[in-house]
Amino acid sequence: MQRLIGIETEYGIIREDVDESDPVVESMELVRCHRRPFRADWDYSEEDPKQDARGFRAETLQQEQEELDFEKHDRERPFSFHEMKSDLMLGNGARFYNDHTHPEYSTPECLTLKSLIAHDRAGERILHDCAKRRNQILGIEGALQLYKNNTDFHGHSYGCHDNYLLPRTLPFADLVTHLIPFLVTRQIFAGAGKVGVETGHHYTQKGFQLSQRADFFEVEVSIDTMHARPILNSRDEPHADATQYRRLHLILGDSNMSEYTTALKVGTTSLVLQLIEQGLAPKEARLEAPVSTLRAVSRDLSLKQSVTLSDGRSISVIDHQRLYLEAAQKAFSKGDAETQWILSHWQSTLDALEKDPMQLADRIDWVTKLWLLKTFMEAESCAWDDARLPGLDLEYHNIDPERGLFLSLEAEGEIQRFVTDDAITQAMDMPPMDTRAGVRGLIVQKFLKNIHKIQWEKVIFKGNQAQGVYRFDDLFDDKAIKAEIHRLNQCTQVASLLAH
């Protein structure tokens, strides 16, 4: 597909050995359990959360008061800002840090779905290893548990953000027009499933829905991420040359356990973005009320409820996805093997959802979870109001192989795989060598002790002089990346790295 892609995952964190714990401190301590030595070395100087992709800089953010309250509370803790963030760039090119109340793992920039899925799964295993080390320190086996999910069932949601590098020439307004409708119905195959409904901070254990995140979105477009959450986030933070690129930062998606679901979610989105770039997106797919439709689709397990288009016509939610599929089939029928996989499985998944969704219990998260819950309910002769169901929902996402319900099914061979365990193991230590992450990861491996500050697009070496800055802005060409990796492998000192 030749597009840089990445996934940021905020994990749920729980201490089971105490009645109350501080998630900020627990997340910080978890990150510090990584085998890479901790140093407060992340450079925030070029990040601006108020820069809006619609062409202006916001004066305020809705979450600023909450962030001020966080800062006030943080001052009571015996740690500096950088110590609490505990922000690490890893040797595999990933970022691992405390996003205040959640540990967050951001994959390196990847160029293929195979690479992305391997690095996303590597994140699970890296965090699980850290949890085991933390429990050894606590002296209590299993005291700390981590969940790759999106809700605490008390009105709090944390995200899984899929990211795509786009050309700056693509107008943001085109994304608003053509991408939002696709994202609203993408959940029919990308949702992770959830017991109950959440409104505000109120949870009602009422049935089952497709998506963990749909309850928490209130507007179509906004720069905010915590209040009045938008279907399309307009924060303009490219982590690249801003004159050439923009980074699409999608906060709508669920955290997926299934490799197949993640591949389909990211793969279809990437093809839709390509349609938009080429002016080939289906114009008739626009929705009349995207926000309310988002919730309605999530709560319709039958997938029979129609969605209303902007021209007043009604169409089934599956046929709405078919509008995008058919446009992609027409445009990319001669694409590479990965594109062919996406097109083929996009169609077969929609066909199965139309006939019998339970056919997908071995690959689509919400279907797998629903099958597990129904199996339990039948065995226990209980209904959707049974108090045990939210706990089972949560354990589906546990990343401890000894406890996670999804991981148990996967270990038993009941789940379709997209990558191998060997590929995941390699991704825990090695960056993708076909993107700039390969260069950055190798620099961390070879020269960590010489690094003063680091971020996605640059490394500042100790001495902090202009000549001590290594930038990755231009490393998007395959030949340039290969040449730089070859040169880096020959370097034994920072001076030789910077001499080029």
Side-chain angles (χ1 to χ4, degrees), residues 1-10 93-95 104-124 148 150 159-166 175 178-192 210-213 231-233 239 246-277 281 321 324-325 327-328 332 335-350 360 363-366 415-419 423-424 427 432 434-435 437:
M1 297 184 299
Q2 299 302 301
R3 181 190 304 284
L4 284 188
I5 48 182
I7 295 178
E8 306 164 359
T9 304
E10 299 171 359
R95 181 187 181 190
E104 178 167 324
Y105 185 89
S106 303
T107 70
E109 307 92 320
C110 298
L111 201 59
T112 68
L113 289 177
K114 289 281 188 183
S115 177
L116 180 69
I117 305 306
H119 278 277
D120 182 52
R121 295 301 305 273
E124 293 177 24
K148 193 183 182 187
N150 306 107
C160 175
H161 308 157
D162 39 324
N163 296 270
Y164 308 82
L165 193 71
L166 304 177
L175 296 173
H178 300 296
L179 185 62
I180 286 178
F182 167 76
L183 294 175
V184 168
T185 57
R186 183 182 73 168
Q187 62 184 307
I188 65 174
F189 54 78
L210 307 181
S211 169
Q212 294 220 325
R213 288 281 275 174
I231 295 173
L232 195 60
N233 180 235
H239 298 312
R246 71 166 81 247
R247 177 178 63 112
L248 178 64
H249 180 64
L250 296 180
I251 68 172
L252 179 72
D254 289 5
S255 295
N256 295 114
M257 298 298 294
S258 165
E259 297 171 358
Y260 182 100
T261 302
T262 303
L264 198 59
K265 174 177 71 176
V266 176
T268 57
T269 305
S270 188
L271 291 189
V272 170
L273 290 171
Q274 196 167 335
L275 287 173
I276 296 171
E277 289 175 29
Q321 273 292 306
Y324 288 95
L325 169 62
F332 311 128
D336 61 14
E338 194 159 84
T339 299
Q340 296 304 315
W341 184 93
I342 298 165
L343 293 174
S344 172
H345 289 267
W346 194 357
Q347 177 168 325
S348 63
T349 298
L350 294 181
L360 302 170
R363 71 200 86 162
I364 296 297
D365 271 314
W366 75 261
I415 301 294
Q416 285 200 26
R417 300 292 301 273
F418 190 77
V419 296
I424 297 170
D434 52 359
T435 75

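We count residues from 1, following the sequence as given.
With sequence neighbours left out, the side chain to side chain donor-acceptor pair (under 3.5 Å) criterion links R213 to S157. Every residue meeting the side chain to side chain donor-acceptor pair (under 3.5 Å) condition with T261, not counting sequence neighbours, appears here in chain and number order: S258. In terms of the salt bridge (charged side-chain N to carboxylate O under 4.0 Å, His left out) criterion, K265 has no residue partners (sequence neighbours excluded). Evaluation of the ring-ring contact (aromatic ring centres under 6.0 Å, His included) rule for H178 yields no partner, not counting sequence neighbours. In this view, A427 and A118, H119, A122 satisfy the side chain to side chain contact (heavy atoms under 4.5 Å, CB included) rule, not counting sequence neighbours. Considering only residues two or more places apart in sequence or on other chains, T435 meets the side chain to side chain donor-acceptor pair (under 3.5 Å) condition with none of them. In terms of the salt bridge (charged side-chain N to carboxylate O under 4.0 Å, His left out) criterion, residue partners of E124 (sequence neighbours excluded) are, by chain and number, R121, K148. Residues satisfying the ring-ring contact (aromatic ring centres under 6.0 Å, His included) criterion with Y324, sequence neighbours excluded, are F182, H320. Residues satisfying the side chain to side chain contact (heavy atoms under 4.5 Å, CB included) criterion with R95, sequence neighbours excluded, are W42, Y44, E47, D87, Y97, S106, W456. Residues satisfying the side chain to side chain donor-acceptor pair (under 3.5 Å) criterion with N150, sequence neighbours excluded, are S255. S348 meets the side chain to side chain contact (heavy atoms under 4.5 Å, CB included) test with Y260, H345; sequence neighbours excluded.
H161 NE2 to E8 CD: the interatomic distance, rounded to the nearest 0.5 Å, is 6.5 Å. Atom-to-atom distance recorded for L271:CG and I276:CD1 is 11.0 Å, nearest 0.5 angstrom. From L264, atom CG reaches atom OG1 of T349 across 5.0 Å, with rounding to the nearest 0.5 Å. To the nearest 0.5 angstrom, D120 atom CG is 6.5 Å from C160 atom SG. Atom CD in E338 sits 3.5 Å away from atom CG in L113 (nearest 0.5 Å). Between atom CZ of residue R417 and atom CD1 of residue I424 there is a gap of 5.0 Å, rounded to the nearest 0.5 Å.
No side-chain heavy atom of L252 sits less than 4.5 Å from a side-chain heavy atom of N233. Using a 4.5 Å cut-off on side-chain heavy atoms (C-beta onward), T262 and E259 make no contact. Looking at I5 and N163, their side chains never come closer than 4.5 Å, going by heavy atoms from C-beta outward. Taking 4.5 Å as the limit, every side-chain heavy atom of D365 sits out of range of all side-chain heavy atoms of D254. Between L250 and L232 the shortest side-chain heavy-atom distance falls below 4.5 Å.
Between Q321 and T185, the closest heavy-atom pair is NE2-OG1, 2.9 Å.
There is no side-chain donor-acceptor pair under 3.5 Å between W366 and Q187. In summary, the side chains of R186 and T269 do present a donor paired with an acceptor at a separation below 3.5 Å, with no hydrogens or angles considered.
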Before giving the answer on side-chain contact (heavy atoms from CB on, under 4.5 Å), spell out for R3 and Q274 the whole-Å C-alpha distance, their side-chain angles and the decisive distance to 0.1 Å. CA-CA 9 Å; R3 181 190 304 284; Q274 196 167 335; 3.9 Å; yes
Please determine whether side-chain contact (heavy atoms from CB on, under 4.5 Å) holds for the pair L175 and L273, giving the CA-CA distance in whole Å, both sets of side-chain angles, and the decisive distance to 0.1 Å. CA-CA 8 Å; L175 296 173; L273 290 171; 3.7 Å; yes
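A side chain to side chain contact (heavy atoms under 4.5 Å, CB included) with F189 holds for exactly one of L210, L360, T268; it is T268.
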